[in-house]
Each structure stands twice: as C-alpha cells, then as structure tokens.
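Letters go in sequence order (proteins before strands), and every chain restarts at 1.
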Number of protein chains: 2
Amino acid sequence: MPLTLEDIARLSGVSRSTVSRVINHDPNVSETTRQKVQEVLDQIGFQPNLAAKGLVSGKTNIIGVVIPTNVIKIFSDPYFPLLLQGISASCNALGYFVMLWLSEPEYEHRMISQILHNGLIEGVIIASVPLRDSIVNSLVDSHIHFLMVGRHPLLDVSYLDVDNVQAARNAVMHLVHLGYKRIATITGDLDQISGADRFQGYLNALREAKLPFSQLLIAEGNYSEEGGYKAMQRLIKQKPEAVFIASDMMVYGAMRALREADLRIPEDIALVGFDDLSNSAKTNPPLTTVRQPISKMGNLAAEALIEMIETDSTEKKRIIVDTELVVRQSCGAYLSGAAVN
Amino acid sequence: MPLTLEDIARLSGVSRSTVSRVINHDPNVSETTRQKVQEVLDQIGFQPNLAAKGLVSGKTNIIGVVIPTNVIKIFSDPYFPLLLQGISASCNALGYFVMLWLSEPEYEHRMISQILHNGLIEGVIIASVPLRDSIVNSLVDSHIHFLMVGRHPLLDVSYLDVDNVQAARNAVMHLVHLGYKRIATITGDLDQISGADRFQGYLNALREAKLPFSQLLIAEGNYSEEGGYKAMQRLIKQKPEAVFIASDMMVYGAMRALREADLRIPEDIALVGFDDLSNSAKTNPPLTTVRQPISKMGNLAAEALIEMIETDSTEKKRIIVDTELVVRQSCGAYLSGAAVN
DNA sequence: TTGTATGCGTTATCAT
DNA sequence: ATGATAACGCATACAA
C-alpha cells in the first residue's frame with residue numbers, strides 16, 4: 001500500500017528520478033522543483049522502500065549489533081541495556097536502523113553467515129566477545145565494517161573501550177592512598193578482555209605500591225551478582241582490609257555476603273567497584289566506583305561505525321573513553337561520612 | 001561479492017528458478033535435482049539477498065521490536081533484557097531477524113513511519129507502552145501484524161500478558177493468610193497497564209479479605225529502585241505490617257530504605273515482590289515474589305507473532321502466561337526460616 | 001518437472 | 001536541470 005517514488009512523482013508533476021534526487025539531496029535540482037517535491041514528500045510522510053534501495057545501491061542504513069549471551073547471566077547486568085540504548089539513540093538520530101543478534105552458540109555460525117551475506121547489514125557493532133571467539137575472525141575476513149566494544153588484544157580491528165587497566169589501577173591506588181595494605185580483588189570473567197585488563201590494573205597498582213601479591217586475595221567472580229557473592233565469601237576468610245571488585249553487579253553480591261557475615265562497609269572491609277550502575281540500584285552504604293559512561297559509549301560506538309560506513313574508511317579506529325572514580329551518590333544518612341566504603 | 005541464485009544455478013547445472021524452488025521448499029522439484037542443488041547450497045552456505053527477496057515477495061523475515069524508553073530509568077530493569085533475549089532466541093530458531101527500536105519520544109513519529117513503510121518489517125512486538133501512547137493506534141490503523149506484551153484495556157489487539165490482577169491478588173492474599181492485617185503497597189507506574197492491574201489486584205485482595213483500605217498505605221514507586229526506596233521511606237511512617245511491592249526492582253530500593261531505618265524483614269515489615277529477578281541479584285533475606293517467566297514470554301511473543309505473519313491471520317490473540325508465587329532461593333543462613341520476608 | 005520471462009521500487013547512467 | 005532506462009537478486013506466472 002505504501003506510496004512509491006512514482007506516486008510522488010505524479011503528485012508533484014516531475015519524474016521519478018527528480019524525486020529521487022530531492023530525497024538524496026542531489027545538488028542538481030533547481031530550487032523551485034526541490035521545494036515543490038519536498039512539500040509533497042513531507043505531506044505524505046514518504047518513506048523509501050528500504051529493500052529496493054538496498055538492492056540497487058547497497059545502502060540500507062542498517063547496522064547489526066551482536067551481543068553474545070553464551071553466559072546468559074551476564075545479561076542480567078544493566079550494562080547491555082544501557083549500551084543498546086546508546087546505540088539505538090544515535091542510530092535514530094542519524095537515520096540508521098539496528099538489527100539485533102543476541103547470539104547463542106548453536107546459531108552463531110548461521111548468524112555470521114546471515115550478517116555477512118543477507119545484503120542488508122552495512123556494518124556491525126559487536127560487544128563483549130570472549131577472547132577466543134571465532135566470530136571476530138569471521139568479521140575480519142569478511143571486510144565488513146565493524147567495531148568492537150571492548151578492545152581486542154591481538155587483532156588489528158576498530159574498537160571502542162575504556163582504559164580498563166589504568167582505571168582499575170587508579171581504583172586500587174585509591175585504596176592504597178587511604179592506607180589499606182591488604183587489598184584483595186574480585187575479578188570479572190577473565191575470558192573477557194575487560195576482566196583481564198581490570199585484573200592487570202590491580203596487579204599494576206600492587207606493584208606500584210610495593211604491596212605483596214597473594215593468590216589468596218584473588219577470587220574470580222565472572223561478573224555476576226552470584227559470582228560476587230561467592231567470591232566474597234571466599235575472600236572473607238582471608239581477612240582483606242579492602243577489595244577491588246571488577247563490576248558493580250558483583251559488588252551487590254559482595255555486599256550481600258558481607259551483610260550475612262555481619263561485616264561493616266567500610267569499617268571492616270572497604271570496597272571499590274567498577275561500572276557505576278547507580279542508575280539502576282543504589283547501594284547502602286554508597287560506593288566508590290569507576291564510572292564508565294555506558295550509554296554514551298553506545299552513542300560513540302554507533303557514531304563511529306556510521307562514519308566508517310559513510311566514508312567507507314578502512315582505517316582502524318581506536319576510541320578510548322574516559323572513566324572517573326566517583327563516590328556514587330546515595331540518599332540518606334550514609335552519604336556524608338563515606339569517603340570510601 | 002556474495003553469490004546469487006544465478007551462481008548457484010550455474011554450479012549445480014539447473015536454472016535460477018529451480019534453485020529458488022529448492023530454497024523455498026517447493027514440492028515441484030524432483031528429488032534428485034533437489035538433492036543436487038541442496039548440496040551446493042549447503043556447501044556454499046548460501047544466504048539469499050534479503051533486500052531482493054523482500055522487494056519481490058514482501059517476505060523479509062524481519063520483525064520489529066519496539067520498547068519505549070520515555071522513562072529511561074525503566075531500562076535499568078532486567079525485565080527488558082530478558083524479554084529481548086527470549087524474543088531473539090525464538091527468532092533465531094525460526095529464521096527471523098529482529099530490528100530494534102528503543103523509541104524516544106522525539107523520534108517516535110518518524111519511527112512509526114519507518115516501521116510501517118520501509119517495506120522490511122513484517123510484524124511488530126511492542127512492549128510496555130504507556131496506556132495513552134498513540135503508537136498503538138497507529139499500528140492498529142496500519143493493519144500490520146503486531147502483538148503487545150502487556151494487554152491493552154481498550155483496544156482489540158493481540159497481546160501476551162500475565163494475569164497481573166490475579167497474581168497481585170494472590171500475592172496479597174498470601175500476606176493475609178499469614179495473618180497480616182495492615183498491608184500496604186508500593187505500586188508500579190500506574191500509566192502502565194501492568195502497574196494499574198497489580199494495584200487493582202491489591203485492592204481486590206483487600207476487599208476479599210475485608211481489610212480496610214487506606215490511601216496512606218499506598219505509595220507510587222514507578223518501577224524504579226529509587227522509586228521503591230522513596231516509597232518505602234514514606235510508608236515506614238505509616239507502620240504497615242506488610243507491603244506488596246509491584247516489582248522486584250522496587251523491592252531492592254525498599255530493602256535499602258528498611259536497612260537504613262534498621263527495620264528487619266520480615267520481623268518488622270514483611271514484603272512480597274513481583275517479577276522474580278532473582279537471576280540478576282538475589283536478596284538477603286530471600287523474598288517471596290510473583291514469578292513471571294520473562295524470557296519465556298519473549299519466546300512466546302515472538303512465536304505468536306511469527307505465526308500471525310505466516311498464516312496472515314487477522315484473528316486477535318490473547319495469550320495469558322501463568323505466574324507462580326515463589327520463595328526466591330538464596331544462599332546462606334536466611335533461607336530456612338523465611339516463609340515470608 | 002523444469003526453464004524463461006517479468007516485475008518489485010529504487011539508484012545510477014545516459015540522454016536530452 | 002530533468003527525464004528515460006537499465007540494472008540490483010529474487011519469486012512467480014507462464015511456457016514447455
């Protein structure tokens with residue numbers, strides 16, 4: 001039922017090609033006809049048929065977004081919704097569409113094939129791929145425009161990331177400066193570059209502060225609340241003075257474990273987190289955490305990818321987004337006293 | 001660069017149309033040629049060009065998913081990721097693609113226009129629309145296949161929902177049966193049908209139990225953690241014995257408020273929640289809550305919509321998904337004692 | 001059962 | 001500056 005170029009052409013008394021030119025801002029149109037056509041266009045609210053456009057020109061204004069969910073639990077983390085929101089918002093603003101793949105391993109092969117060959121996807125944003133995942137190699141080989149959220153340590157690809165190593169180092173140094181010596185860590189998923197990098201930052205800080213490293217002060221928490229809970233239960237026995245926790249989701253779990261053990265934060269154990277999920281659930285007491293502007297990162301990722309698409313650039317982008325160490329705001333009594341907690 | 005039907009035809013020694021028939025399971029193909037062609041197809045991993053297919057047949061196997069984010073905070077709720085995951089999984093399994101709109105008000109008009117007229121979208125799943133949102137009317141008028149997640153009280157549309165009224169009633173009756181008389185509620189966003197329905201369920205239970213209704217025992221919490229926190233702060237002054245909280249996200253906030261006020265759960269105030277977000281963050285103490293199988297609902301929604309598309313059915317679906325009242329599992333000391341908490 | 005021919009709505013090339 | 005026309009890759013009506 002939707003109207004076509006031909007219809008618009010008839011309604012405005014010009015040819016199909018002229019209408020096409022107006023739509024695509026071709027300068028070779030006289031101002032008068034341009035206005036005349038544009039008027040009809042606006043009145044109708046004309047939308048070009050994307051399939052036809054894509055078929056002939058390859059331009060579809062569709063990007064793919066791939067988020068692996070091998071670890072389903074990871075999706076309980078508000079990180080992904082926020083990232084998606086950022087991506088979606090920028091795409092809306094720039095006239096692009098988002099096609100979403102929450103990839104499951106059993107369909108991964110077919111998914112890649114679809115993305116690369118269905119002729120609709122002009123570029124791909126891919127987030128949180130495990131380090132050894134082959135999907136990245138497939139994308140590299142395909143020469144499709146793509147951008148990773150989270151750096152890749154080996155391949156020469158475009159990515160957007162925060163400096164996880166440095167941010168984690170700063171977070172731990174914050175604890176150091178407050179006088180804590182026995183500093184533990186709950187790591188994220190070490191198969192993710194972010195998990196590995198944050199752990200590296202922790203190690204760097206210990207070295208810098210000349211604090212002893214102990215395997216006993218390291219607990220892997222795989223980014224889930226449950227993981228944080230169990231990791232903290234293990235750490236409690238080691239009586240750390242402070243813990244650097246590689247994601248706020250794990251902080252929630254860690255806090256639960258501490259409450260159950262009747263340990264106070266920060267008097268008995270001080271915590272520093274990572275992610276700043278304070279928009280979803282605040283903590284009591286408030287938490288010092290590394291703030292990543294997640295939604296903003298989604299914006300930037302989309303904008304960068306779209307630029308790559310539109311300039312057809314083959315140059316690899318490296319976008320590093322700033323983080324900051326913040327005391328998460330919380331309401332109520334605990335706010336004033338808590339420098340770290 | 002991708003291969004076309006013509007290429008496959010050449011490689012398997014038949015005509016383009018025969019290949020097309022094989023792909024589309026046309027019975028009018030001899031078994032021998034079918035096998036021959038299929039072999040080439042498999043080997044190549046052929047993917048038909050969606051744009052061309054869509055252009056000629058209208059079949060693109062793409063559905064749209066629309067989630068309004070006027071209230072950005074709402075997206076901190078793991079509800080949407082879970083729903084998306086379910087939708088995505090079923091679409092993967094059925095060979096469909098998901099195009100995502102996290103709609104912002106300022107682009108909503110254009111978005112609708114895009115969805116309806118770009119010629120790619122075969123159907124739409126739309127979740128959590130505010131009751132007065134005009135987008136639903138646009139969809140109805142357009143005659144595109146669509147399905148709402150969350151019922152619509154006025155319009156005759158297809159939807160999938162839980163019976164929020166009954167589930168909320170059951171949750172409150174659970175408190176009643178435990179002997180609580182002074183039962184308060186923290187409502188969700190009352191502009192959402194789910195919020196309104198859960199509140200209605202609360203009212204129904206009070207009436208059924210012949211408990212007095214008091215405006216003072218009702219606090220609106222808009223589904224956010226922060227909303228739950230503030231609502232509980234207000235309720236505490238009214239000294240309720242128990243509170244029905246219309247979402248688990250708000251429970252987290254409510255628990256934070258109770259901790260700050262040094263009130264124990266359930267000894268001082270008992271809580272019942274709604275949603276069962278225990279996969280994201282468990283609580284301590286554990287919580288009795290209404291479990292919605294959110295991811296499963298995503299599955300069902302996608303499957304229902306796809307069936308509507310493929311049968312081109314105009315009949316309106318009404319899918320009601322069961323809920324159950326569960327004691328959320330938690331680890332640790334609090335599990336055994338807590339019937340309600 | 002198979003092949004040939006047409007057209008979907010758009011962009012791009014070529015005339016004018 | 002504008003119009004006519006040829007693709008794009010596929011499904012399908014029609015011919016054989």
Side-chain angles (χ1 to χ4, degrees), chain A residues 1-38 40-41 44 46-62 95 97 114 116-122 310 312, chain B residues 1-38 40-41 44 46-62 95 113-114 116-122 310 312:
Chain A
M1 253 71 35
L3 299 183
T4 71
L5 274 193
E6 201 73 53
D7 298 319
I8 304 292
R10 209 168 4 82
L11 287 171
S12 44
V14 296
S15 79
R16 186 174 48 185
S17 341
T18 300
V19 178
S20 175
R21 281 192 265 265
V22 171
I23 290 177
N24 297 297
H25 306 103
D26 187 318
N28 289 327
V29 180
S30 78
E31 183 56 21
T32 49
T33 53
R34 202 198 60 73
Q35 283 190 6
K36 188 173 57 182
V37 174
Q38 189 64 52
V40 179
L41 247 26
I44 301 287
F46 178 76
Q47 287 290 330
N49 180 306
L50 264 197
K53 173 174 171 168
L55 182 56
V56 60
S57 70
K59 279 294 298 174
T60 56
N61 288 26
I62 301 177
F97 301 82
Q114 286 172 341
L116 300 181
H117 299 309
N118 71 12
L120 285 181
I121 307 298
E122 294 194 62
E310 301 201 331
D312 197 23
Chain B
M1 255 72 33
L3 298 184
T4 71
L5 275 194
E6 199 76 51
D7 298 319
I8 304 293
R10 211 167 2 82
L11 288 170
S12 45
V14 297
S15 78
R16 186 173 49 180
S17 14
T18 300
V19 179
S20 175
R21 288 189 188 98
V22 171
I23 290 177
N24 297 298
H25 306 103
D26 188 317
N28 289 327
V29 180
S30 78
E31 183 56 20
T32 49
T33 53
R34 201 198 60 73
Q35 283 190 7
K36 188 173 56 181
V37 173
Q38 189 64 54
V40 180
L41 247 25
I44 301 288
F46 178 76
Q47 288 289 331
N49 180 305
L50 266 196
K53 175 174 171 169
L55 183 56
V56 61
S57 70
K59 281 292 299 173
T60 56
N61 287 26
I62 301 176
S113 180
Q114 287 173 340
L116 300 181
H117 300 308
N118 71 11
L120 286 179
I121 307 299
E122 294 194 61
E310 301 201 331
D312 197 23

Which of residues 29-37 of chain B sit near DNA chain C, with a heavy atom under 4.0 Å from it?
-> B:Val29, B:Ser30, B:Thr33
Check B:Ser15 against B:Ala9 and note the closest heavy-atom contact, atom names and distance.
-> C-CB, 3.6 Å
Using atom CG of B:Asp26 as one end and atom C1' of C:dT1 as the other, report the distance to the nearest whole Å.
-> 10 Å
Contact check, side chains of A:Ile44 and A:Leu11, non-hydrogen atoms, under 4.5 Å = yes
Please tabulate, one pair per line, each protein N/O and nucleotide N/O from nucleotides 8-10 of chain D that are separated by under 3.5 Å, including the distance.
{"from": "D:dC8", "atom 1": "O2", "to": "A:Val56", "atom 2": "N", "distance (Å)": "3.4"}
{"from": "D:dG9", "atom 1": "N2", "to": "B:Ala52", "atom 2": "O", "distance (Å)": "3.4"}
{"from": "D:dC10", "atom 1": "OP1", "to": "B:Asn49", "atom 2": "N", "distance (Å)": "3.2"}
{"from": "D:dC10", "atom 1": "OP2", "to": "B:Leu5", "atom 2": "N", "distance (Å)": "2.5"}
{"from": "D:dC10", "atom 1": "N4", "to": "B:Arg16", "atom 2": "NH1", "distance (Å)": "3.1"}

Minimum heavy-atom distance between B:Ala52 and A:Leu55, given as atom pair plus value | CB-CD1, 3.6 Å
Keeping the roles fixed (side chain from B:Glu122, backbone from B:Thr60), state whether a donor-acceptor pair exists under 3.5 Å.
-> yes
Check for a donor-acceptor pair, side chain of A:Asn118 on one end and backbone N or O of B:Leu50 on the other, with a separation under 3.5 Å.
-> no
Distances under 3.5 Å only, N/O to N/O: pair up the protein atoms with those of nucleotides 13-16 of chain C.
none

Could you tell me which residues satisfy side chain to side chain contact (heavy atoms under 4.5 Å, CB included) with A:Asp26, sequence neighbours excluded, listed by chain and number?
-> A:Arg21, A:Asn28
Given axes from five pairs at either end, by how many degrees does the helix from C:dT1-D:dA16 to C:dT16-D:dA1 bend, rounded to 10°?
-> 40°
Return no unless some side-chain N or O of A:Thr18 is found under 4.0 Å from OP1 or OP2 of D:dG3.
-> yes
Identify the heavy atoms of B:Leu3 and B:Phe46 that sit nearest to each other, and give their distance.
-> O-CE1, 3.3 Å
Value rounded to 0.5 Å, distance of CZ in B:Arg16 from CG in B:Asp7 = 11.0 Å
Length of the line joining B:His25:NE2 and D:dA11:C1', which is rounded to integer Å | 15 Å
Can you name the residues that form a side chain to side chain contact (heavy atoms under 4.5 Å, CB included) with B:Gln35, not counting sequence neighbours?
-> B:Glu31
Residues B:Ile8 and B:Ser12: closest non-hydrogen pair is O-OG, 2.6 Å
Nucleotide C:dA12, atom C1' - distance to CG of A:Asn28 in whole Å = 13 Å
Evaluate the criterion side chain to side chain contact (heavy atoms under 4.5 Å, CB included) for residue pair A:Thr4 and A:Asn49; output intermediate values, then yes/no.
-> CA-CA 8 Å; A:Thr4 71; A:Asn49 180 306; over 6 Å; no
How far apart are the closest heavy atoms of A:Gly54 and B:Ala51, and which atoms are they?
-> C-CB, 4.2 Å
Does any non-hydrogen side-chain atom of A:Leu120 lie less than 4.5 Å from one of B:Ile62?
-> yes
Can you check the B:His117 NE2 to C:dT10 C1' distance for me, whole Å?
-> 17 Å
